[in-house]
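All remarks here apply to the structure that follows.
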Amino acid sequence: MENDLATEMRNKAGENFRNGYNCAESIFDAFRELIEPDLDRKLVRLFTGYGGGLGHAGCMCGALTASAAILGMLKGRTSAEEDREACYDLSRGFHDKFEEKFSVTCCRALNPHPFDTKEHLRHCLKITGNTAKLLTEYLIEKNLIQQKA
């Protein structure tokens with residue numbers, strides 16, 4: 001049953017990517033729709049600069065950084081007095097799962113093809129979709145979302 005939602009989210013993020021959004025935008029918009037559907041869709045613009053490992057710098061994968069933002073939507077704090085460790089722990093845990101699955105977290109190491117080439121885009125599509133699937137499984141495992149009935 002868990003795979004149903006995970007597959008759905010993989011497909012949504014993949015479809016976003018195929019429609020021209022970058023990896024981070026694709027993850028954000030798919031999970032915004034699942035977690036906070038009333039949240040202004042225009043907030044996707046906050047994630048544009050994360051694509052290509054921070055604007056083609058090739059650093060931290062945009063799909064991973066957007067996943068940390070999703071965890072923040074669920075467990076982040078709204079005041080400095082609140083504890084941040086729950087969100088830190090979740091973000092670190094997901095980082096470690098991502099690294100376990102893909103071996104690295106750096107965009108240029110994940111995808112060595114030149115940016116925006118056919119090979120690069122094909123590989124990023126797979127990374128983005130699989131990150132969405134992994135994040136969904138993680139959210140279910142941590143009881144942050146429920147499997148749809």
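In this chain, residues are counted from 1 in sequence order.
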State whether the side chain of [X] and the backbone N or O of [Y] hold a donor-acceptor pair below 3.5 Å, judged by distance alone.
X    : Y    : answer
T128 : L125 : no
N111 : H123 : no
R84  : G76  : no
T117 : P114 : yes
S26  : F17  : yes

Which pair of heavy atoms, one from [X] and one from [Y], lies closest together, and at what distance?
X    : Y    : result
K101 : N130 : CE-CB, 3.9 Å
A66  : A24  : CB-O, 3.5 Å
A69  : F47  : CB-CE2, 3.5 Å
C106 : G58  : SG-O, 2.9 Å
K12  : A30  : CB-CB, 4.0 Å

- Task: Return yes if a side-chain donor-acceptor contact under 3.5 Å exists between T78 and E82, otherwise no.
- Result: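 Judged by distance alone, the side chains do pair up.
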Does any part of the side chain of [Y], heavy atoms only, come nearer than 4.5 Å to the side chain of [X], both counted from C-beta?
X    : Y    : result
E137 : I140 : no
M9   : K133 : no
N16  : I27  : no
I127 : C23  : no
P112 : H120 : no

Should the pair [X]-[Y] be classified as a salt bridge under the 4.0 Å nitrogen-to-oxygen rule?
X   : Y   : answer
R77 : D83 : no
R92 : D89 : no
E15 : R18 : yes

- Query: What do the steps show when you test L54 against T65 for side-chain contact (heavy atoms from CB on, under 4.5 Å), and what is the final call?
  - Reply: CA-CA 9 Å; L54 293 178; T65 55; 5.7 Å; no
According to a hydrophobic-cluster definition based on side-chain heavy atoms being under 4.5 Å apart (Ile, Leu, Val, Met, Phe, Trp, Tyr only), do [X] and [Y] belong together?
X   : Y    : result
L39 : L34  : yes
M60 : L110 : yes
F28 : L71  : yes
Y50 : V104 : yes
L64 : L139 : yes

- Item | side-chain contact (heavy atoms from CB on, under 4.5 Å) between R32 and L43, intermediate numbers included | CA-CA 9 Å; R32 175 206 56 81; L43 290 173; 5.8 Å; no
Atom [atom1] in [X], atom [atom2] in [Y]: separation rounded to 0.5 Å?
X    : Y    : atom1 : atom2 : result
R45  : E25  : CZ    : CD    : 11.5 Å
E33  : D29  : CD    : CG    : 6.5 Å
D38  : E36  : CG    : CD    : 7.5 Å
K97  : F102 : NZ    : CZ    : 12.5 Å
E85  : S91  : CD    : OG    : 10.5 Å
Y138 : T131 : OH    : OG1   : 14.0 Å

- Message: Parallel, tilted or perpendicular, judged at 30° and 60°: which one describes the rings of F94 and F98?
- Response: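 Ring orientation, 0 to 90° scale: tilted.
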- Query: Is the count of non-hydrogen atoms from other residues, nucleotides or ligands lying under 6.0 Å from Y21 atom OH greater than 12?
  - Reply: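 No, OH of Y21 has 12 or fewer neighbouring heavy atoms, counting only those of other groups under 6.0 Å.
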- Count the heavy atoms of every other residue, nucleotide or ligand shown that sit under 6.0 Å from CD of E100, and state whether that count exceeds 12.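 Counting other residues, nucleotides and ligands, CD of E100 stays at 12 neighbours or fewer.
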- Task: With L144 as reference, evaluate L90, I35, I70 under the side chain to side chain contact (heavy atoms under 4.5 Å, CB included) test and give the passing residue.
- Result: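 The option that passes is L90.
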